Amino acid sequence: VGKLAEEIKKGASSVEGVEVKVWQVPEILSEEVLGKMGAPPKTDVPIISPQELAEADGILFGFPTRFGMMASQMKAFFDATGGLWREQSLAGKPAGVFFSTGTQGGGQETTPLTAVTQLTHHGMVFVPVGYT
């Protein structure tokens with residue numbers, strides 16, 4: 001997902017006037033659990049807080065899948081955005097998702113469908129990346 005984010009950053013940054021920031025959400029699992037899962041080490045990408053989402057003109061959320069939906073870290077992050085929802089701070093912002101699965105059939109269809117509900121509750125405008 002990190003590699004995908006960097007490639008998306010390259011493409012988006014090539015558009016005049018577009019500034020791209022890459023962030024990661026806070027980790028909620030212990031080092032022990034991450035080790036048992038074989039999770040890759042964390043990068044030096046800064047950690048985002050929910051309030052920083054309100055500063056963006058548009059957002060692409062990227063995450064790995066877990067059992068056909070977004071990973072728990074991402075879900076926990078969305079769960080922490082209640083204040084933004086109450087204030088409608090994200091309403092009208094364009095948003096999309098990208099993700100990576102560990103296996104063929106590992107959630108390529110269900111992951112974006114379950115993610116759209118998060119965007120919809122915030123009143124964001126879903127913009128699919130599409131096949132291109």
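These values consider heavy atoms only, across backbone and side chains, with no hydrogens, waters or symmetry-generated copies. Everything numeric here is computed off the predicted structure, so don't read it as measured data.
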Provide the closest heavy-atom pair for [X] versus [Y] in the form atom of the first, atom of the second, distance.
| X | Y | answer |
| --- | --- | --- |
| F77 | P26 | CD1-CD, 4.0 Å |
| S89 | A54 | CB-CB, 4.1 Å |
| P50 | T81 | CB-CG2, 3.9 Å |
| V1 | S100 | CG2-CB, 3.8 Å |
| T101 | G106 | CG2-O, 3.7 Å |
| V127 | P94 | CG2-CB, 3.9 Å |

What residue pairs, at least two apart or across chains, pass salt bridge (Lys or Arg N to Asp or Glu O under 4.0 Å) with a residue in [range]?
| range | result |
| --- | --- |
| residues 116-127 | none |
| residues 60-82 | K75-D79 |
| residues 121-131 | none |
| residues 22-35 | E27-K42, E32-K36 |

Under 4.5 Å between side-chain heavy atoms, counting indirect links through other Ile/Leu/Val/Met/Phe/Trp/Tyr residues: same cluster for [X] and [Y] or not?
| X | Y | answer |
| --- | --- | --- |
| I48 | V97 | yes |
| M124 | F126 | yes |
| V22 | L60 | no |
| V25 | M70 | yes |
| L84 | M74 | yes |

Quiz item: Just how far is it from atom NE2 of H122 to atom NZ of K93, taken to the nearest 0.5 Å?
Solution: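 It comes to 12.0 Å.
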Quiz item: Under a single-linkage rule joining Ile, Leu, Val, Met, Phe, Trp and Tyr whose side-chain heavy atoms are separated by less than 4.5 Å, which residues share a cluster with L113?
Solution: none
Quiz item: Quick one: side chain to side chain donor-acceptor pair (under 3.5 Å) partners of S49, sequence neighbours excluded?
Solution: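 In terms of side chain to side chain donor-acceptor pair (under 3.5 Å), with neighbours along the sequence ignored, S49 is linked to E52.
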Residues that [X] engages under side-chain contact (heavy atoms from CB on, under 4.5 Å), provided they are two or more places apart:
| X | result |
| --- | --- |
| V20 | K9, A12, S13, V18 |
| A56 | I59 |
| A39 | L34 |
| T120 | V116 |

Quiz item: For L90, which of L119, V125, L53 qualifies under side chain to side chain contact (heavy atoms under 4.5 Å, CB included)?
Solution: L53
Quiz item: Got a sec, which pairs hit ring pair (Phe, Tyr, Trp, His ring centres under 6.0 Å) with one end in residues 92-121, sequence neighbours left out?
Solution: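 Output for this query is empty, none listed.
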Quiz item: Taking only residues at least two apart or on different chains, which pairs with a member in residues 20-74 satisfy ring pair (Phe, Tyr, Trp, His ring centres under 6.0 Å)?
Solution: F61-F78
Quiz prompt | Heavy-atom donor-acceptor pair, T110 side chain to G68 backbone, under 3.5 Å | solution = yes
Quiz item: Side chain of T114, backbone of T111: donor and acceptor closer than 3.5 Å?
Solution: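 Judged by distance alone, yes, a pair lies under 3.5 Å.
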Exercise. Could you tell me whether Q88 atom CD has more than 12 heavy atoms of other residues or ligands within 6.0 Å of it?
Key: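 It does: Q88 CD has more than 12 such atoms within range.
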Quiz item: Is K3 salt-bridged to E6, cutoff N-O under 4.0 Å?
Solution: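 So K3 does not pair with E6 through a salt bridge.
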